[in-house]
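Numbered from 1 within each chain, the chains take letters A, B, ... in sequence-line order.
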Amino acid sequence: MKNDQIAGMFDLLADMLEIQGSNPFRIRAYRNASRNLGSMAESLEEMVRNDEDLTQLSGVGKDLAGQIQEIVTTGKHKQLESLRSEVPPGVLDMLRIPGVGPKKVAVFFNELKLTSLSELKQAAQAGELAKLKGFGKKTEQSILEGIDQAAEAGKRVSIRDARRWADEIVQDLLKVDGVTQAEAAGSCRRRKETCGDLDVLAICEDASRAMDALEAHPLVEKVLQRGDTKQRVRLQSGIEMDLRVVPEESFGAALQYFTGSKEHNVVVRGLARDQGLKLNEYGMYRGDDYVAGRTEEDVYAAVGLPWFPPELRENRLEFKLAEAGPLPELVSVKDIRGDLHMHTTASDGAATVEEMATAARERGLKYIAITDHSQRVSMANGLDAERLRAHWKEIRRVREQIDGIEILCGIECDILEDATLDLPDEVLAEADWVIAVLHYGLKQPRDQIMKRLMCAVNNPHVDIIGHPTGRLVGRREGADVNMMDLLKAAADNGVMMEINAHPKRLDLDDVHAAAAKDLGIPIVISTDSHSVNGFEMLEYGVDQARRAGLTKKDVANTRTPTQFRKMLKRN
DNA sequence: GCCGTTTTCGGCCCGACTGTTTTCAGTCG
């Protein structure tokens with residue numbers, strides 16, 4: 001039983017309790033626990049097996065500890081099972097309709113006995129919803145429109161798309177007459193790997209000018225709401241965006257407020273309250289007196305906190321770091337000196353060794369590793385021993401010809417389904433840099449997955465585990481990796497861990513990267529480039545590392561070429 | 001249901017927008 005499965009059960013429970021009109025704080029407790037469980041590195045199953053105290057986990061008390069234990073040991077959750085028989089699954093689907101929440105769903109279910117989206121649609125078309133108390137024609141119409149979107153709703157977009165759209169709109173808003181400042185907030189600013197919606201803030205003397213501009217923007221499909229200070233639109237891509245127009249003296253407070261995360265803000269507001277202050281999106285107040293709000297720095301300073309990089313604002317690490325002293329400086333793109341995962345035309349890349357090396361040098365990199373696929377990945381024209389040796393010969397030739405950048409002879413070697421490596425040890429021994437990865441058999445049971453990873457970690461020639469879970473963000477779950485066991489073994493064997501920078505991978509994720517750092521494992525942020533444009537992905541990997549609280553020191557490829565070589569096992 | 005403690009019960013964020021309501025409830029972030 002994986003952590004996120006258990007978290008999912010608590011979320012489902014919360015949905016059902018909400019429709020039943022339970023105590024909202026009890027519901028929040030389930031959601032809160034769900035979130036915390038979903039973002040922890042240790043496996044709950046292991047914790048139960050080792051008889052560890054689950055109430056140590058934040059948001060988990062005696063009751064939930066018992067429920068987790070029940071789920072892990074029996075695979076079931078009695079309370080959830082009995083609620084399931086009371087609330088049909090189709091009723092939960094109704095929650096996905098924009099503007100429809102638990103109260104409305106309860107009315108549909110209890111008064112009209114509707115149990116699915118299609119029944120709800122028929123009732124709306126027959127005009128039955130508008131007859132209900134508290135409902136009218138407009139609500140009925142908007143539900144009718146919303147039902148078709150329900151399937152799409154909740155879809156998240158990659159940080160890369162989110163940033164492209166948000167940045168474009170921000171840049172265009174800044175050109176609008178009267179707009180003096182504009183910035184993206186929300187999960188996009190925190191660089192979360194996916195975004196459910198976009199938030200943009202602007203200062204504009206006449207808010208309607210900014211809103212008119214947004215309404216006319218080519219990326220915008222439709223205005224969903226428009227008030228005096230807030231406008232909500234849907235972009236062509238289907239994702240929704242909020243624009244808030246705020247006064248200058250509130251910009252910092254609003255930026256802080258709308259950047260979140262919610263959990264981070266709860267803590268900040270709590271600290272404010274403890275000091276007799278009140279924080280909202282307009283500013284920090286003592287009674288009715290404005291204390292701060294122009295900048296985020298002012299807001300944090302008013303409660304005795306340092307300014308936090310947005311990537312840290314998840315209420316996971318940042319408050320502990322702040323308590324321990326000045327915040328560490330997080331790693332940044334300019335710190336990265338090497339890129340140690342990339343492909344060429346020898347396997348499935350689009351550029352030659354020479355082209356990749358030249359492009360890397362132009363981007364200011366001092367060393368790279370060429371790591372084409374091994375033979376198992378036949379689809380990608382993976383290399384067998386003979387072709388690999390010829391390829392390395394070619395790399396050495398280019399190495400002699402190009403100044404200003406070091407090139408390592410590497411390989412991205414598959415860890416096969418039977419827990420052996422795709423190339424013999426004597427071949428791997430000739431490499432400068434060996435990345436071991438899972439590509440196939442990702443659905444194998446945990447025991448076999450771990451057997452494979454341990455085989456790689458224990459091999460003396462393996463330098464690093466690449467994209468350790470093999471997940472594809474929003475598309476494919478990764479293998480069932482016991483990450484803490486893998487990290488401990490990696491630490492014991494001097495094996496590094498990769499943060500694969502491609503926005504579709506971002507693997508390790510932020511939580512596991514933080515766990516790796518805690519164990520002292522050197523982390524490498526690599527782009528896995530398949531063309532010269534691939535190097536642009538570096539920033540997404542760096543953002544993920546920043547979310548894990550990594551500094552320059554924690555990231556091996558911030559070292560100079562000489563320093564980096566000294567970190568390798570074979571030296 | 002959790003948490004903290006001014007230890008065992010009270011607090012748990014709150015403001016914008018919409019629609020239906022004529023003073024507010026529901027939803028959302």
Side-chain angles (χ1 to χ4, degrees), chain A residues 10-11 13-14 17-19 21-37 54-68 79 94-108 129-143 145-146 153-154 185-190 195-201 207 211 223-233 239-246 250 253-254 256-274 277-285 315:
Chain A
F10 285 155
D11 257 335
L13 203 58
L17 290 172
E18 210 165 17
I19 289 170
S22 290
N23 177 351
F25 296 111
R26 185 176 164 219
I27 292 160
R28 189 185 298 174
Y30 277 107
R31 292 207 194 285
N32 192 24
S34 164
R35 181 188 174 275
N36 289 333
L37 301 182
L54 297 171
T55 63
Q56 294 301 308
L57 302 170
S58 108
V60 176
K62 226 176 174 178
D63 194 288
L64 285 181
Q67 295 186 31
I68 294 169
Q79 198 186 346
M94 299 179 191
L95 286 173
R96 296 206 307 268
I97 302 169
V100 173
K103 294 281 163 45
K104 289 198 175 97
V105 170
V107 173
F108 300 148
L129 304 190
K131 293 182 201 155
L132 292 164
K133 189 167 181 290
F135 289 74
K137 270 286 155 203
K138 281 199 171 175
T139 306
E140 188 171 74
Q141 192 53 38
S142 103
I143 286 174
E145 285 168 17
S187 50
C188 180
R189 182 164 181 247
R190 300 201 313 278
C195 299
D197 68 356
L198 304 176
D199 301 273
V200 170
L201 299 183
M211 293 190 188
V223 176
L224 302 173
Q225 288 182 349
R226 178 165 172 165
D228 294 336
T229 63
K230 177 186 165 186
Q231 183 180 30
R232 190 166 178 87
V233 300
I239 195 168
E240 294 179 7
M241 169 182 276
D242 277 334
L243 170 66
R244 300 262 181 166
V245 184
V246 301
S250 297
Q256 196 283 327
Y257 187 95
F258 290 111
T259 295
S261 66
K262 208 169 78 181
E263 293 74 15
H264 173 87
N265 286 353
V266 166
V267 175
V268 177
R269 280 195 298 270
L271 288 171
R273 201 179 46 227
D274 294 346
L277 295 161
K278 200 185 85 163
L279 176 62
N280 59 29
E281 64 255 57
Y282 297 107
M284 186 77 79
Y285 296 88
N315 188 23

Dot-bracket pairing map - DNA chain B, Watson-Crick plus G-U, both contacts under 3.5 Å, | cross-strand
((((....)))).((((((....))))))
When you measure from the side chain of A:Arg28, which nucleotide among B:dG29, B:dC17, B:dC13 comes out closest?
B:dC13
Can you tell which of B:dC17, B:dG29, B:dG15 lies closest to the side chain of A:Asp199?
B:dG29
Anti versus syn assignment for B:dT18, with syn defined as within 90° of 0
anti
In whole angstroms, how far is the P atom of B:dG15 from the CG atom of A:Leu279?
11 Å
Do any side-chain nitrogens or oxygens of A:Tyr282 fall under 4.0 Å of OP1 or OP2 in B:dA16?
yes
Side chains of A:Asp242 and A:Gln225: do they bring a donor and an acceptor to under 3.5 Å?
no
Rounded interatomic separation in angstrom, taking CG from A:Asn36 and P from B:dG1:
17 Å
Kindly point out which of B:dG1, B:dC17, B:dC13 is positioned nearest to the side chain of A:Leu64?
B:dG1
Apply the test salt bridge (Lys or Arg N to Asp or Glu O under 4.0 Å) to residues A:Glu281 and A:Lys230: give CA-CA distance (whole Å), side-chain angles for both, the deciding distance (0.1 Å), then the verdict.
CA-CA 13 Å; A:Glu281 64 255 57; A:Lys230 177 186 165 186; over 6 Å; no
Test side-chain hydrogen bond (donor to acceptor under 3.5 Å, both in side chains) on A:Glu263 and A:Asn32; report intermediate values, then the result.
CA-CA 9 Å; A:Glu263 293 74 15; A:Asn32 192 24; over 6 Å; no
Can you tell which of B:dC17, B:dC13, B:dT27 lies closest to the side chain of A:Arg273?
B:dC13
Taking only residues two or more places apart in sequence, or in another chain, which ones meet A:Arg189 in a salt bridge (charged side-chain N to carboxylate O under 4.0 Å, His left out)?
A:Glu183, A:Glu296
When you compare B:dC12 with B:dT5, how far apart are their P atoms, in angstrom units rounded to a whole number?
15 Å
Compile the donor-acceptor pairs under 3.5 Å between side chains in residues 130-138 of chain A and protein atoms, sequence neighbours left out, one pair per line.
| residue | atom | partner | partner atom | Å |
| --- | --- | --- | --- | --- |
| A:Lys137 | NZ | A:Glu140 | OE1 | 2.9 |

Does A:Gln256 reach the side chain of A:Met284, with side-chain heavy atoms less than 4.5 Å apart?
no
Taking CD from A:Glu140 and C1' from B:dT20, how many angstroms apart are they, rounded to a whole number?
14 Å
5' precedence on DNA chain B between A:Pro102 and A:Asp228 (nearest-nucleotide basis):
A:Asp228
Assuming nearest nucleotide by heavy-atom distance, tell me which of A:Gly136 and A:Val105 is located more 5' along DNA chain B.
A:Gly136
What is the separation between atom CG on A:Asp242 and atom P on B:dT27, rounded to the nearest whole Å?
18 Å
Counting side-chain heavy atoms from CB outward, which of B:dG1, B:dT20, B:dG29 is closest to A:Lys138?
B:dT20
With 3.5 Å as the limit, what N/O pairs link the protein to nucleotides 3-7 of chain B?
| residue | atom | partner | partner atom | Å |
| --- | --- | --- | --- | --- |
| B:dC3 | OP1 | A:Gly59 | N | 2.8 |

Polar side-chain contact A:Asn23-B:dG1 base: donor and acceptor under 3.5 Å
yes
When you compare B:dT20 with B:dT27, how far apart are their C1' atoms, in angstrom units rounded to a whole number?
14 Å
Do A:Val100 and A:Ile143 make a side-chain contact, defined as non-hydrogen atoms from C-beta onward lying under 4.5 Å apart?
yes
Output one line per pair: protein atom, nucleotide atom from nucleotides 21-25 of chain B, and distance, for all N/O pairs under 3.5 Å.
none

Residue A:Lys103, side-chain atoms from C-beta onward, closest of B:dG26, B:dT18, B:dC2:
B:dG26
Taking side chain as C-beta onward, heavy atoms only, is A:Thr139 less than 4.5 Å from A:Leu129?
no
Describe the nucleic acid contact of A:Ser142 in one word from base, sugar-phosphate, nothing, applying a heavy-atom distance below 4.0 Å.
nothing
dist A:Met241:CE -> A:Asp197:CG (nearest 0.5 Å) comes out at 9.0 Å
Looking at A:Ser187 and A:Arg190, would you say the former's side chain and the latter's main chain have a donor-acceptor pair under 3.5 Å?
no
When rounded to the nearest Å, what value does the distance between P atoms of B:dG10 and B:dG15 take?
25 Å
Is A:Arg269 near enough to B:dC12 that one of its side-chain N or O atoms lies under 4.0 angstrom from OP1 or OP2?
no
Please report the interatomic distance CG(A:Asp199) to CZ(A:Phe258), rounded to the nearest 0.5 Å.
7.5 Å
A:Leu95 to A:Gly101 - nearest heavy-atom pair and separation
CD2-C, 3.7 Å
Which of residues 256-265 of chain A sit near DNA chain B, with a heavy atom under 4.0 Å from it?
A:Tyr257
Between atom CZ of A:Phe108 and atom CE of A:Met94, what is the distance when rounded to the nearest 0.5 Å?
7.5 Å
Can you identify which nucleotide, out of B:dC17, B:dT20, B:dG29, has its nearest atom closest to the A:Lys230 side chain?
B:dC17
Out of B:dA16, B:dG19, B:dG1, which has the shortest distance to the side chain of A:Phe25?
B:dG1
Candidate nucleotides B:dA16, B:dT27, B:dG1, ranked by approach to the side chain of A:Arg244 - the nearest
B:dA16
Counting C-beta onward and ignoring hydrogens, is there a side-chain heavy-atom pair between A:Leu279 and A:Tyr257 closer than 4.5 Å?
no
Considering only B:dG29, B:dC17, B:dT20, which nucleotide approaches the side chain of A:Thr139 most closely?
B:dT20
Provide, to the nearest angstrom, the distance between the CG atom belonging to A:Leu224 and the P atom belonging to B:dG29.
11 Å
As an exercise, state the distance from CG of A:Leu198 to CG of A:Leu243, rounded to the nearest 0.5 Å.
11.5 Å
